[in-house]
Amino acid sequence: MKRYAIILAAGQGTRMRSKLYKVLHPVCGKPMVQHVVDAISTLHVDRLITVVGFGAERVKEQLGNQSEYVIQEQQLGTAHAVMQAAPHLADKDGVTLVVCGDTPLITSETMEALLHHHLQTKAKATILTALAEDPTGYGRIVRNKDGHVEKIVEHKDATEEERKIREINTGTYCFDNRALFEALTKVSNDNAQGEYYLPDVIEILKKQGEIISAYETPMFEETLGVNDRIALAQAEKIMRARIHRKHMANGVTIIDPEHTYIAPDVSIGQDTIIYPGTWIEGHTVIGENCMIGPNSEIKNSRIGHNTSIRHSVVHDSEVGSDVTIGPFAHIRPLSKIGDDVRIGNFVEIKKATFGNRSKASHLSYIGDAEVGADVNIGCGTITVNYDGMNKYVTKIEDGAFIGCNSNLIAPVVVGSGAYVAAGSTITDDVPSQALAIARARQTNKEHYVERLQAKKKS
């Protein structure tokens, strides 16, 4: 049977009090609507349609070709939003999921279970429900003796007895597709807000004698809709705990989960230890037996096995195995660090390759450089890569030794096995196995201080 999904993402989200379109607010570094799309994408739906309104272009930019799009130009309610997909879906056989784009915690497992329950009960509509500790403000699910849904009662319209019901409507549905769009044509806006509401479809189908079912998710937190910054913080905390549980179950030690931040798409190998204050973002992959943190930031990078990164930043780069980075090192984008490398305190590497077993132990800047294997870079070394207009490359070949406080003025090549004397400013290529000394001759002016003091007194 064909599967379709409609994501409702047209609301402006005024309660967020933000210039950013509501469904684009991130939870654990990923926009809410992206969480929903990623969950749906594992269900193998035949068509996914996102209903957009305010901020449509930015939503399209975020989701790209993962979805089709329809525009809800006027915000006239949830039923009106779903109706915008009619030209694409109304004549199709199959089942359709309707999910809100501001429910980032919903999982693919729950939606798959909802679909399965819908088909098993032969219902025309199935409501995703949950048990709320405090159901105040939610629509209540009233079931008949067969367990099917008799009606949905909004809190303000519920009797005292109905208000005691804890099973609530989450706003996520599964419909027989043809029945959905036929019923949508009968939804009225005869209400105080003058809007067309999707729950009215349930009442229409019920009056036609159709089966209305409900699937109760065991995890109420999955149903959280984010409408303000308070709910956004709640979603962040729940998602973060969920991510941590997954990694810890897979053999990762997280010393202090309350003070560790890991994005949803991060992969971490077994027996790696994550220390407090660490942020791991984007599509980062970390190998086994690593030590990350404390207070480190890694984003969109690949880290090999047995590597230690302490009090340091790594962005958009590759780091090999058996590497030590930090404390207080900065690996900037487009860098590639080999195996058995030592990058020490206050070393910055930018858009550079750094060969196996090479070392830059302290206080150096290596930018736009190609560093070979077994190279030793002394304290205070700088690759001078920028002349005010253009960037140039420094090449340091295998086995070279760069003395402390050296400036390598690019473009320049230091040959294999060459030595650069401490304090040198290198402007010309250094041949292999050569020693380059490029410093001014020292001059000692005797009695200079005595003469200076005498001059001050006179």
Side-chain angles (χ1 to χ4, degrees), residues 1-6 8 43 45-47 49 76-100 110-131 135 138-159 161-217 223:
M1 181 175 289
K2 295 283 189 179
R3 291 180 170 189
Y4 311 106
I6 298 172
L8 305 183
L43 304 178
V45 296
D46 294 279
R47 295 185 74 171
I49 296 175
L76 298 178
T78 50
H80 180 261
V82 174
M83 196 64 184
Q84 306 314 301
H88 301 275
L89 297 180
D91 61 344
K92 302 291 191 296
D93 292 316
V95 293
T96 297
L97 278 170
V98 179
V99 187
C100 294
T110 291
M111 288 188 284
E112 185 66 61
L114 174 64
L115 282 161
H116 178 75
H117 183 84
H118 175 79
L119 295 173
Q120 191 176 49
T121 57
K122 296 181 171 57
K124 290 297 182 181
T126 303
I127 306 161
L128 181 66
T129 69
L131 289 183
Y138 288 98
R140 307 303 206 281
I141 301 298
V142 180
R143 294 181 183 252
N144 61 25
K145 63 182 188 319
D146 298 320
H148 298 315
V149 176
E150 185 68 34
K151 59 181 176 178
I152 304 172
V153 181
E154 295 304 318
H155 180 85
K156 65 180 184 299
D157 300 322
T159 64
E161 194 64 27
E162 288 169 338
R163 289 187 179 187
K164 293 177 183 178
I165 297 172
R166 292 176 50 221
E167 187 178 15
I168 57 96
N169 176 20
T170 69
T172 295
Y173 305 90
C174 184
F175 293 98
D176 174 274
N177 187 68
R178 285 188 181 273
L180 167 64
F181 285 99
E182 288 171 6
L184 282 171
T185 63
K186 301 173 184 177
V187 173
S188 168
N189 67 340
D190 185 16
N191 52 59
Q193 288 73 33
E195 295 187 354
Y196 301 86
Y197 294 124
L198 191 57
D200 290 352
V201 169
I202 302 298
E203 185 65 24
I204 291 168
L205 293 175
K206 184 67 181 176
K207 288 179 179 178
Q208 293 174 355
E210 304 291 359
I211 294 175
I212 309 299
S213 185
Y215 172 74
E216 180 188 310
T217 175
T223 69

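In this text, all values refer to a predicted model and were calculated from it rather than measured experimentally. The figures here come from the full heavy-atom set of this structure, side chains too, leaving out hydrogens, waters and symmetry mates.
Residue Ile127 holds its CD1 atom at 4.5 Å from CD1 of Ile141, rounded to the nearest 0.5 Å. Atoms CG and CZ, on Leu43 and Arg3 in that order, are 6.0 Å from each other to the nearest 0.5 Å. With rounding to the nearest 0.5 Å, the separation of CD1 in Ile202 from NZ in Lys207 is 13.0 Å. Interatomic distance, His117 NE2 to Leu128 CG, rounded to the nearest 0.5 Å: 10.5 Å. Note that the CD1 atom of Ile212 and the CD atom of Glu203 stand 9.0 Å from one another [nearest 0.5 Å]. Atom NZ of Lys122 sits about 14.0 Å away from atom CD of Glu210, to the nearest 0.5 Å.
Asn177 pairs with exactly one of Leu89, Val95, Ile6 by the side-chain contact (heavy atoms from CB on, under 4.5 Å) rule, that one being Leu89. Checking each of His148, His118, His116 against Thr126 for a side-chain hydrogen bond (donor to acceptor under 3.5 Å, both in side chains) leaves exactly one that passes, namely His118.
Contact between Pro87 and Gln84 at its shortest, heavy atoms only, is CD-O, 3.4 Å. Annotation for Ala130 and Thr170: closest pair N-CG2, 3.9 Å, computed over non-hydrogen atoms. Shown here for Cys100 and Gly171, the closest heavy-atom pair between the two residues is SG-O, 4.0 Å. The two atoms that bring Ala5 and Val45 nearest to each other are CB-CG1, 4.2 Å, heavy atoms only. Contact between Ile168 and Pro135 at its shortest, heavy atoms only, is CG2-CB, 3.7 Å. The two residues Gly94 and Tyr4 make their nearest non-hydrogen contact at CA-CE1, 4.2 Å.
In this structure, Glu161 pairs ionically with Lys164, as a charged nitrogen and a carboxylate oxygen lie closer than 4.0 Å. Remark: Arg166 does not engage Glu216 in a salt bridge, criterion side-chain N to carboxylate O under 4.0 Å. Between Lys151 and Glu162 there is a salt bridge, since a side-chain N of the basic residue sits under 4.0 Å from a carboxylate O of the acidic one.
Without hydrogens or angle criteria, Arg140 side chain to Ala158 main chain gives no donor-acceptor distance under 3.5 Å. Asn191 contributes a side-chain N or O that, together with a main-chain N or O of Glu195, makes up a donor-acceptor pair within less than 3.5 Å.
For Arg178, the salt bridge (Lys or Arg N to Asp or Glu O under 4.0 Å) criterion is met by Asp93, not counting sequence neighbours.
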Can Tyr196 and Met83 be said to form a side chain to side chain contact (heavy atoms under 4.5 Å, CB included), step by step?
CA-CA 10 Å; Tyr196 301 86; Met83 196 64 184; over 6 Å; no

Show the numbers, then the answer: is there a side chain to side chain contact (heavy atoms under 4.5 Å, CB included) between Arg47 and His88?
CA-CA 9 Å; Arg47 295 185 74 171; His88 301 275; 3.4 Å; yes

Under the side chain to side chain contact (heavy atoms under 4.5 Å, CB included) rule, what do Lys186 and Gln208 come out as? Steps first, then yes or no, please.
CA-CA 12 Å; Lys186 301 173 184 177; Gln208 293 174 355; 3.0 Å; yes

Intermediate values then yes/no, side chain to side chain contact (heavy atoms under 4.5 Å, CB included), Leu198 and Val98:
CA-CA 10 Å; Leu198 191 57; Val98 179; 3.8 Å; yes

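Pairs passing the ring pair (Phe, Tyr, Trp, His ring centres under 6.0 Å) check and including a residue from residues 166-189, sequence neighbours excluded, read Tyr173-Phe175.
Ile165 is listed as a side-chain neighbour of Val142, based on a closest heavy-atom distance under 4.5 Å. For the pair Leu131/Glu167, a side-chain contact is recorded, criterion being any heavy-atom separation below 4.5 Å from C-beta on.
Applying the 6.0 Å contact sphere to CG of Asp190 captures no more than 12 heavy atoms from other residues, nucleotides or ligands. Counting non-hydrogen atoms of neighbouring residues, nucleotides and ligands closer than 6.0 angstrom, the NZ atom of Lys92 exceeds 12 such neighbours.
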